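When a residue number appears, it is its place in the shown sequence, counting from 1. Note that the coordinates shown come from a computational prediction; the quantities given were computed from them, not determined experimentally.
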Amino acid sequence: MAFLGGLNEVGKNITLVECQGDMFLLDCGMAFPDDDMLGVDLVLPDFTLVEKYADRIQGIVLTHGHEDHIGGLPYLLKKVNLPLYGTPLTLGLVKGKLKEHGLLNKVKMNVVHPGDTIRFGCMAVELIHVNHSIPDAVGLAIHSPAGTVVHTGDFKIDCTPEWGEMIDLGRFAQLGKEGVLALLSDSTNAERPGFTKTEQMIANSFEAMFQRAEHKRIIIATFASNVSRVQQIIDCAVKYDRKVALSGRSMVNVMSIGVEMGYLHVPDGVMIDIDLIKKYPKDKIVLITTGSQGEPMSALSRMAYADHRKVEVGPDDFIIISARPIPGNEKSVGNVIDELMKRGCEVEYGSMYEVHVSGHACQEELKLMQGIVKPKYFIPVHGEQKMLHQHAALAYSMGMNRQNVCIADIGDVIELSEDHMRHLPKAVPAGNVLVDGLGVGDVGSIVLRDRKHLAEDGLIVVVCTIASETGHVVSGPDVVSRGFVYVRESERLMDDAKDLVYTVLEQCADNGIHDWGTLKTNIKDSLSHLLYDRTRRSPMILPIIMEV
């Protein structure tokens, strides 16, 4: 197994599985950029290894339809065309993505269901129903000559799920009795004690809040992919005689797929277009929106900053944020909540009522999975380093031998056989490929370093013209500053900078130095010393020299 993503990070899940030359991919996700990835839209796995073995990879198995498991597919499928295997809703969401990227009729999509087995040469991949925060999620049992490897996918144990049946614990236990070589298990909530609460709690909370907000418009922000959460909101809206409108492109896309495929049941006349909300009294409207993570361009953020074309929020609005901030997003979410409160909105974000439950297993469920699967070897997956270590600690507490637990990193290749599990010494290419606008991979560490430099210290552009024969200054130098100092208040500094550049160029001319590289280096070095001495700042210096 080669881990190309999803370890030591949350998101970007992708694993290459190989047995006796037969290969398949498990998931192909993306991640959202960190704060230091300035201007980057999204982060993809490195597909170098996949492209290298494209002719041996027989397909991509998808566990569920979240972005961190399917978001990278369009970018991979543009490079290598591989058949997809997924449950109906998962492939429905993939279809929408491929359509946007012009790939819809070029990729073979195979609909599979829990209980089905997909054959990849000597491997038989069995799908097992699990609960998660999106319907149609599955775990896998990979049956191979070396033994059976169980991969939980993202899961929790919910005995009363909003959609579908509870997780098929019986099949996991049966596999455990038959003998499981290795377990790969979701570590996202490995630090949280107890059990993840059931989705049914949310329905009770929504009931209470709909009653509290009887004279106000209700706006609920949640993840677009949380189809069962949206169903609960629609059910409550029907009960309290409110119309439902959707805001946010991803919300509209996912909901239309959900309704079309029968995962969402919306009575006639309940759903209205967002353009029509002003025709109804505010206390007859529920608006379901994106933006639960405080994303700058999301619908809820635009409402908070009075930038939404169709919705203006104020004291008549009761806003529920039905999601927990992803680690790192707390500040963004807090800023959006503050702005909404400044506008007089009542905002509920989980302190008094249970308005969100996780889609991932907490410690007791993870231990239960360990206990029924009874693996010989254990590899915690899907989580940051501290989550993987905590999950490993749970395994040790249940008697697992430390030699049989492997905490891996992306790029690692793990070899499993009947009598050993070992790290292969040679890591494979794995890391981040950044997407910025239409460019994929053209923004790398050097470009990011320059962006950071520009963001922190600004830019100085020095323009001058020299004589081609003598090298003496003909006109200029002119100094242009952006993001460094306010020029009108720093005229003395700018004049000194011009004088210094003039002196440097004249000295070079006197010494017969005409090489542009040397001239630019001399200008940069001298000017950076002057500016640092006077301001303790190091702006990016860009000399532009012309010859006449």
*Step-by-step side chain to side chain contact (heavy atoms under 4.5 Å, CB included) determination, Lys78 to Leu103*: CA-CA 8 Å; Lys78 280 176 186 170; Leu103 293 166; 4.0 Å; yes

Please check: side-chain N/O of [X] versus main-chain N/O of [Y], any donor-acceptor pairing under 3.5 Å?
X	Y	result
Asn110	Leu84	yes
Gln232	Ile202	no
His66	Asp68	no
Asp116	His113	yes
Arg192	Gln363	no
Asp158	Glu199	yes
Asn131	Glu165	yes
Lys97	Pro74	no

Any luck finding a side-chain donor-acceptor pair between [X] and [Y] under 3.5 Å?
X	Y	result
Thr290	Ser250	no
Thr196	Glu365	yes
Asp186	Thr152	no
Asn13	Asp27	no
His308	Ser247	yes
Asn204	Gln200	no
Ser133	Arg229	no
Tyr240	Glu207	yes
Lys12	Asn432	yes
Tyr263	Asp136	yes

*What residue among His69, His360, His382 forms ring-ring contact (aromatic ring centres under 6.0 Å, His included) with His132?*
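Only one of His69, His360, His382 forms a ring-ring contact (aromatic ring centres under 6.0 Å, His included) with His132, namely His360.
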
*Greater than 12 external heavy atoms within 6.0 Å of Lys197's NZ*: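 Counting other residues, nucleotides and ligands, NZ of Lys197 stays at 12 neighbours or fewer.
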
*Could you walk me through whether Thr198 and Thr160 pass side chain to side chain donor-acceptor pair (under 3.5 Å), step by step?*
CA-CA 6 Å; Thr198 174; Thr160 53; 2.7 Å; yes

*Would Asn335 and Glu339 satisfy side chain to side chain donor-acceptor pair (under 3.5 Å), going step by step from the backbone distance to the final call?*
CA-CA 6 Å; Asn335 290 342; Glu339 287 300 318; over 6 Å; no

*Residues in side chain to side chain donor-acceptor pair (under 3.5 Å) with Thr90, at least two apart?*
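Per chain and number, Thr90 pairs via side chain to side chain donor-acceptor pair (under 3.5 Å) with Thr87.
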
